[in-house]
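See below for the structure under consideration.
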Amino acid sequence: MTTRTLIIAITAFAAAAYVLRSSNEQQTPESVAPRTRVPPVTRPAHGWQDHPRVAAGINRLPRPAAAQSAVEPAASEEVEVSADKTAAPRALETDQIQEQMEERFYAEAADAAWDYKAVRTIEQRIAGLMPASSALRSVECRASFCRIETSHASIEEFRELVHGAFLSPDTQLWNGGFFASVLGEPPAAGAGMVAVAYLAREGQALPPPDRAAP
Amino acid sequence: MLNKKIGYLFSLFVAASLAVVAAAGSLQARSIVGASGHAAPFADQGCFSTFYGTMRNTCSSTKTLELPLATDREGTHNVVVSAYAAAPSNTVGCVAIAINKTYTGYWSSPTLYLPSFGASQDISLSVYVPASGALQTTCYLNPEGRINVVNW
């Protein structure tokens with residue numbers, strides 16, 4: 001290879017590395033093009049008792065309509081409109097992921113052969129894992145996963161339940177993929193909260209969030 | 001003259017192709033050795049023995065090893081744990097776990113175990129990691145079970 005070819009090859013390598021590094025950085029949320037912000041709407045008070053779903057006595061989102069989702073925003077936020085329509089999908093917040101799971105759960109059909117048995121199994125096993133000031137609010141199952149709603153006096157109790165019911169191989173309800181989160185804002189120290197967990201069937205994983213969904 | 005030009009262009013094409021492949025390869029999977037992990041709880045650290053980066057359970061009961069995995073992006077991450085067990089009684093099981101930065105959301109794969117014994121095997125896991133979240137693999141090693149390498 002001649003000297004000139006070698007120089008051109010080295011230059012091509014440096015350019016390729018720079019281009020690939022730049023495209024990789026563009027995938028991170030922090031480097032997305034600046035967005036146009038609209039003024040925030042007043043956020044309601046947010047103890048767990050004030051959570052829209054808890055306050056309304058409705059512990060689930062309404063079933064989505066056929067044409068469009070009936071999901072309401074969990075809380076008012078600054079609405080950001082991307083100035084760059086070709087930007088990577090926005091990073092999802094945990095409550096957005098939780099709302100996606102709600103939609104998927106209630107869109108699934110029931111599996112009569114499995115649902116009843118799974119609900120009974122959860123009710124029986126979780127009773128011995130529930131921390132002192134926590135309570136099971138509801139258990140429902142569909143064809144591929146179950147929804148478990150609990151209330152806790154503190155975030156520590158929520159974490160204790162997650163460890164015992166889902167992570168510890170000695171006490172877990174069963175060995176399935178799961179997603180668990182508190183509803184609403186992260187609670188202040190000592191504040192109560194409602195949490196929802198989704199547990200896939202034995203040996204199965206939950207579907208990942210849809211990052212392209214609005 | 002024409003042959004010389006063709007040869008020159010061909011060399012340039014090969015060099016540029018190698019450059020692109022090399023640059024792309026440098027941005028792909030990461031790996032760590034089993035010895036990068038720590039016992040959970042820490043009091044069990046004395047149950048683990050290392051050998052050229054591998055981590056083996058030398059106690060007579062199942063012990064837990066946690067391996068933190070650095071991530072750069074939100075999304076689904078595929079974690080492959082290379083482990084070894086001579087027999088079913090030495091098996092190894094692993095689970096991939098992600099948390100959000102406020103420690104109020106958890107994602108997890110199911111726990112999967114070695115498919116066979118007597119030679120190193122892969123345990124393939126997949127889990128969603130939220131933006132600014134963290135990823136780890138937790139492995140449960142039966143006596144004499146061993147973790148070689150974790151790739152993600």
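Side chains included, hydrogens not; waters and symmetry mates left out as well; all remaining heavy atoms used. Here the structure is a predicted model, which means the values were calculated and not measured. A note on names: the letters A, B, ... follow the listed sequences, proteins ahead of strands, and every chain is numbered from 1.
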- When you look at A:Val182 and B:Tyr103, which way does the side chain to side chain contact (heavy atoms under 4.5 Å, CB included) test go after all the steps? CA-CA 10 Å; A:Val182 300; B:Tyr103 201 20; over 6 Å; no
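Summarising the geometry of A:Thr94 relative to B:Trp107, their closest heavy-atom pair is OG1-CH2, 3.9 Å, with the distance given to 0.1 Å. A:Phe158 and B:Thr104 make their closest contact through CE2-O, 3.7 Å (heavy atoms, listed as atom of the first residue, atom of the second, distance).
Listed by sequence position, B:Pro110, B:Thr111 are the residues of residues 110-124 of chain B in contact with chain A, using a 4.5 angstrom heavy-atom cutoff. For residues 169-179 of chain A, the interface with chain B (any heavy-atom pair closer than 4.5 Å) comprises A:Pro169, A:Asn175, A:Gly176, A:Gly177, A:Phe178, A:Phe179, sorted by residue number.
For a residue to count as touching a neighbouring chain, one of its non-hydrogen atoms must lie under 4.5 Å from one of that chain's; by this rule B:Ser108 touches chain A with backbone and side chain alike. With a 4.5 angstrom heavy-atom cutoff, A:Gln204 touches chain B only via backbone atoms. Interface remark: B:Tyr106 contributes backbone and side-chain atoms alike to the contact with chain A (heavy atom separation under 4.5 Å). Using a 4.5 Å cut-off between heavy atoms, B:Ile97 touches chain A through its side chain atoms alone. In this structure, no portion of A:Leu206 lies under 4.5 Å from any heavy atom of chain B.
To the nearest 0.5 Å, atoms CG (B:Asn100) and CD1 (A:Ile97) are separated by 8.5 Å. Atom-to-atom distance recorded for B:Thr64:OG1 and A:Leu167:CG is 11.0 Å, nearest 0.5 angstrom.
Options A:Ala195, A:Pro209, A:Ser181 differ in how many heavy-atom pairs under 4.5 Å they form with chain B, and the most are formed by A:Pro209.
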